[in-house]
> 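I'd like to ask you about the structure that follows.
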Amino acid sequence: MLFEPRSGRLAAWGNALLAGLVSPDEAVSSIVGEDAVHRVAGLPGESGPVGLSLALGRMRALGVGGLRVALPAPGHPLGLSGPPEFNARALEAQEAVVAVGAALGLVPEVAEAGPAGDLHVSVTWHVLPVREAPPADVPSLGEAERELAEALREATEVLTRLDVAASGPVAEAALSAYRARAEAGREALAPGYPARAVRVLALAQRVDLMVSLAYENGHGGAVAASEMAARAEALRPVERVARRALVAAYNAAVEERERG
């Protein structure tokens with residue numbers, strides 16, 4: 001249930017590798033996660049798709065010094081800087097990675113095969129040219145943390161008032177899984193990230209989990225059309241805040257390195 005975008009894993013562990021803080025094998029294993037395989041297609045200097053380890057090495061040779069995340073949604077080009085072709089592909093995938101130091105962006109294409117419960121997931125990262133310009137609407141970590149604290153309070157109040165607070169066995173299982181992972185101290189980000197980024201990421205995932213549960217658990221007590229509209233209206237800005245915070249957290253290593 002936790003929102004852990006593939007672009008976030010690629011950026012976080014790619015940044016750690018580029019900074020010399022982890023080995024290529026550790027970075028690739030962490031990026032791939034539970035997927036079967038990740039490949040990179042369209043990389044300059046390569047005639048076809050290549051593995052992640054080779055791709056990250058090639059990107060370093062091309063001048064890439066860091067990786068940023070974009071999590072766009074309709075009407076909100078969060079983290080994008082153009083051109084239109086790249087923005088459109090990123091919006092379709094709802095995520096992308098933008099290189100720092102070279103005008104390149106990567107958009108994932110996910111393919112699934114096999115029965116439910118035994119899916120074989122492969123990911124192809126398509127490399128496209130990007131415009132070198134400031135990314136859209138990305139907050140600082142401090143701004144993101146303040147926005148999240150307020151959003152969490154508002155989401156709790158609104159969902160309780162509309163009788164759609166997370167409840168029931170599915171919601172309880174998801175919340176229990178979240179707590180278990182948090183208590184186990186899972187490595188939310190790769191080495192090289194400030195503690196504040198880890199805190200912001202965890203809080204953003206918690207807010208996103210609340211929003212997801214509210215949508216997935218049906219309408220709860222909000223049976224009237226006006227109440228359902230009010231819930232959607234209330235959740236939309238909360239979801240936007242969570243995405244902004246996720247981008248700020250994943251981009252924190254690059255931002256801190258540029259400041260320092």
> Do Leu67 and Met59 have side chains that get closer than 4.5 Å, going by heavy atoms?
yes

> Please answer: with hydrophobic residues joined when any side-chain heavy atoms are less than 4.5 Å apart, are Leu128 and Leu62 in the same cluster?
no

> Between Val254 and Gly66, what is the shortest heavy-atom contact and its length?
CG2-CA, 4.0 Å

> Please check: side-chain N/O of Arg257 versus main-chain N/O of Ala252, any donor-acceptor pairing under 3.5 Å?
no

> Could you give all pairs that pass the side chain to side chain donor-acceptor pair (under 3.5 Å) test and reach residues 47-63, with sequence neighbours left out?
Glu46-Arg58

> Please lay out, stage by stage, how Asn251 and Glu256 fare under the test side chain to side chain contact (heavy atoms under 4.5 Å, CB included).
CA-CA 9 Å; Asn251 292 358; Glu256 189 169 82; over 6 Å; no

> Determine the minimum heavy-atom distance between Pro77 and Pro72, stating which atoms define it.
CA-CB, 4.1 Å

> Looking at Glu95 and Ser7, would you say the former's side chain and the latter's main chain have a donor-acceptor pair under 3.5 Å?
yes

> Mind listing the closest non-hydrogen atom pair of Ala204 and Ala245 along with its distance?
CB-CB, 3.8 Å

> Can you tell me how far the CZ atom of Arg240 sits from the CG atom of Leu71, to the nearest 0.5 Å?
13.0 Å

> May I ask you to check whether Asn15 and Tyr250 show a side-chain donor-acceptor distance below 3.5 Å?
no

> State, with a plain yes or no, whether a side-chain heavy atom of Pro49 is found less than 4.5 Å away from one of Val40.
no

> State, with a plain yes or no, whether a side-chain heavy atom of Pro135 is found less than 4.5 Å away from one of Leu80.
no

> Do NZ/NE/NH1/NH2 and the carboxylate oxygens of Glu239 and Arg236 come within less than 4.0 Å?
no

> Between Gln205 and Leu246, is any pair of side-chain heavy atoms under 4.5 Å apart?
yes

> Nearest heavy-atom pair of Ala249 and Val200: which atoms, and what distance?
CB-CG1, 4.3 Å

> Under 4.5 Å between side-chain heavy atoms, hopping through other hydrophobics if needed: is there a path connecting Trp125 to Val107?
no

> If two hydrophobic side chains count as joined below 4.5 Å and joins carry through other members, does Leu78 share a cluster with Phe86?
no

> Looking at CD of Glu150 and CZ of Arg146, how far apart are the two atoms once the value is rounded to the nearest 0.5 Å?
12.0 Å

> Looking at every non-hydrogen atom in both residues, tell me the closest pair between Pro139 and Ala248 and how far apart they are.
O-CB, 3.5 Å

> Regarding Glu112 and His120, is there a side-chain donor-to-acceptor distance under 3.5 Å anywhere?
no

> Quick check: do Val37 and Val123 have side-chain heavy atoms less than 4.5 Å from each other?
no

> Return the minimal non-hydrogen interatomic distance between Pro74 and Leu91, and the atom names on each side.
N-CD1, 3.6 Å

> State, with a plain yes or no, whether a side-chain heavy atom of Ile31 is found less than 4.5 Å away from one of His38.
yes

> Show me the pairs that pass side chain to side chain donor-acceptor pair (under 3.5 Å) and involve residues 68-77, at least two apart or across chains.
Arg68-Glu255, Arg68-Glu258, His76-Asp137, His76-Arg243

> For a side chain to side chain contact (heavy atoms under 4.5 Å, CB included) with Arg9, tell me which candidate from Val69, Leu189, Val32, Asp35 qualifies.
Asp35

> Applying a strict under-4.5 Å side-chain criterion to I, L, V, M, F, W and Y, I'd like to know whether Trp13 and Leu21 cluster together.
no

> Can you find a pair of side-chain heavy atoms, one from Val64 and one from Leu18, that are under 4.5 Å apart?
yes

> Hydrophobic clusters here meaning ILVMFWY residues chained together by side-chain heavy-atom distances under 4.5 Å, can you tell me if Val127 and Leu17 are in one?
yes

> So do Ser140 and Glu143 actually touch side chain to side chain, heavy atoms under 4.5 Å?
yes

> Counting distance only, does the side-chain N/O of Ser30 pair as donor-acceptor with the main-chain N or O of Glu26 below 3.5 Å?
yes

> I need the single residue from Val97, Val98, Leu43 that forms a side chain to side chain contact (heavy atoms under 4.5 Å, CB included) with Leu106. Which is it?
Val97

> Does a side-chain N-to-carboxylate-O contact under 4.0 Å join Arg199 and Glu145?
yes

> Got a donor-acceptor contact below 3.5 angstrom from the Asn87 side chain to the Gly82 backbone?
yes

> Using modelled atom types and a 3.5 Å cut-off, is there a donor and acceptor pairing between side-chain atoms of Arg39 and backbone atoms of Thr124?
no

